[in-house]
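As structure tokens, the structure follows; a few thoughts come after it.
Proteins come first, then strands; the chains are lettered A, B, ... in the order of their sequence lines, and each starts at number 1.
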2 protein chains.
Amino acid sequence: MRADAQRNYDRIVEVARLVFREQGYDASLDDIAKRAGVGPGTLYRHFPKRENLLDAVMQSWVDRVNETVDKALTHEGTDRDVLLNWFEQYVALISQHKGGPAKITSAMGNPDSPIMTKCQVLATANRRVIDQLGEHSALRDDVDVIQVCRLVGGVATVADQAGLDADAVRPMLAVLADGLMR
Amino acid sequence: MRADAQRNYDRIVEVARLVFREQGYDASLDDIAKRAGVGPGTLYRHFPKRENLLDAVMQSWVDRVNETVDKALTHEGTDRDVLLNWFEQYVALISQHKGGPAKITSAMGNPDSPIMTKCQVLATANRRVIDQLGEHSALRDDVDVIQVCRLVGGVATVADQAGLDADAVRPMLAVLADGLMR
DNA sequence: ACCTGAACACCGTTCAAGT
DNA sequence: ACCTGAACACCGTTCAAGT
């Protein structure tokens with residue numbers, strides 16, 4: 001990639017991260033291009049679809065997911081406590097900007113999505129937590145990891161769109177944790 | 001209301017119901033106005049916000065909700081079966097058009113929403129089912145009816161946006177049913 | 001009192017011209 | 001090879017003129 005192209009790419013992603021956080025995932029691409037100091041055509045060259053831009057914005061976020069799940073795996077308490085704590089972290093991780101939970105969760109399990117690799121990171125994180133559950137509180141066998149992502153992501157989506165805070169979300173996640181363990 | 005105004009109102013609602021079902025809740029209002037044979041200003045006079053139009057479209061749907069819950073209350077089986085069957089009906093009821101589950105569920109519990117009365121119909125239907133649960137399988141006391149609507153609505157939202165079918169939804173609703181009963 | 005439709009603003013998207 | 005920005009299409013929303 002030519003030096004000026006690389007510079008423009010980086011500036012667009014940097015600005016997009018800021019604007020998505022300020023205005024949500026439905027922010028104007030024109031606005032992002034303007035604030036990055038490029039023409040709209042340049043943005044479209046690098047990111048043909050809005051989701052490609054989201055994918056680039058989420059690149060630096062992968063490390064944070066892995067750090068968070070590492071910490072969650074060492075959490076003190078019962079299996080249920082560990083799972084519930086992780087679900088709260090999961091909701092926070094996918095709720096970086098308004099509209100994010102819906103976009104991420106609906107892409108979960110779709111191999112053609114531009115953000116597929118990011119969904120896999122989340123699915124893998126979830127699997128690590130579930131695999132650590134003791135035999136007596138293991139995951140029921142009629143749901144898989146993707147379903148768990150969808151269930152927790154569904155709660156995150158509703159919370160995001162209705163503007164709910166963590167205190168309103170916790171009991172809903174508790175229902176999921178209790179319902180998931182056989 | 002003047003006769004021609006009433007006629008236009010009815011035609012807009014009728015067309016909107018059709019178009020929402022065909023194209024989803026984000027369909028073009030301009031298109032709806034054109035197909036109803038009125039100017040865009042007329043649509044805006046009757047329905048200042050998109051949600052006001054949704055509310056009018058959902059008017060005839062209230063009866064169906066009440067009929068459905070009546071039937072669900074006589075469903076054979078354990079409390080868990082009754083609850084799970086009702087949840088499936090609930091998802092179907094709020095999934096009449098794409099984007100509907102998200103809109104309805106995020107309005108749940110918001111007294112300022114234009115579709116508030118419709119949310120109350122759903123909440124009341126849910127309460128009736130829950131109140132019928134036997135004492136030993138009663139609803140846990142850290143969640144209320146609105147939370148139940150949000151949980152089931154969250155699953156419906158994800159299913160709607162990811163294009164999941166009933167077979168993929170059922171196990172997720174089963175998790176909720178199991179997690180909700182103490 | 002109600003309706004029409006032109007007009008404006010905004011946004012996504014494309015592409016010919018330029019470097 | 002990459003960028004610019006004018007141009008087009010589409011949509012929501014308003015409002016002056018009309019009945």
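- Evaluation of the side chain to side chain contact (heavy atoms under 4.5 Å, CB included) rule for A:Asp10 yields A:Gln6 as partners, not counting sequence neighbours.
- In 5' to 3' order, the nucleotides of DNA chain C bounding all contacts with chain A (an atom under 4.0 Å from a heavy atom) are C:dC11 to C:dC15.
- Residue pairs satisfying the salt bridge (Lys or Arg N to Asp or Glu O under 4.0 Å) criterion with at least one member in residues 133-143 of chain A, sequence neighbours excluded, are listed as follows: A:Arg140-A:Asp142, A:Arg140-B:Asp178.
- Applying the ring-ring contact (aromatic ring centres under 6.0 Å, His included) test to pairs two or more places apart or on separate chains, those with a residue in residues 47-76 of chain B are B:Tyr9-B:Phe47.
- With sequence neighbours left out, the side chain to side chain contact (heavy atoms under 4.5 Å, CB included) criterion links A:Thr124 to no other residue.
- Under the side chain to side chain donor-acceptor pair (under 3.5 Å) criterion, A:Thr74 pairs with no residue, sequence neighbours left out.
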Applying the Watson-Crick and G-U criteria (both distances under 3.5 angstrom) with [ ] for crossing and | for other-strand pairs, one obtains for DNA chain D ||.|||||...|||||.||
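- Side chain to side chain, A:Asp81 and A:Thr78 meet the donor-acceptor criterion of an N or O pair below 3.5 Å.
- Each salt bridge (Lys or Arg N to Asp or Glu O under 4.0 Å) pair with one or both residues in residues 104-133 of chain A, not counting sequence neighbours, appears once here: A:Asp55-A:Lys118, A:Asp70-A:Arg128.
- DNA chain D lies under 4.0 Å from at least one heavy atom of each of the following residues of residues 36-46 of chain A: A:Gly37, A:Val38, A:Gly39, A:Pro40, A:Gly41, A:Thr42, A:Arg45, A:His46.
- Contacts between residues 17-31 of chain A and DNA chain D, defined by a heavy-atom separation under 4.0 Å, are absent.
- Remark: B:Asp31 pairs with B:Val19, B:Gln23, B:Ser28, B:Arg35 by the side chain to side chain contact (heavy atoms under 4.5 Å, CB included) rule, at least two apart or across chains.
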> When you look at B:Leu173 and B:Glu88, which way does the side-chain contact (heavy atoms from CB on, under 4.5 Å) test go after all the steps?
Replying inline: CA-CA 7 Å; B:Leu173 295 178; B:Glu88 291 194 61; 3.8 Å; yes
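- B:Glu76 CD: 12 or fewer foreign heavy atoms inside a 6.0 Å radius.
- Side-chain polar atoms of B:Arg182 and B:Ser137 form no donor-acceptor pair below 3.5 angstrom.
- Note on residues 93-151 of chain A: pairs passing ring-ring contact (aromatic ring centres under 6.0 Å, His included), not counting sequence neighbours, are A:Phe20-A:His97.
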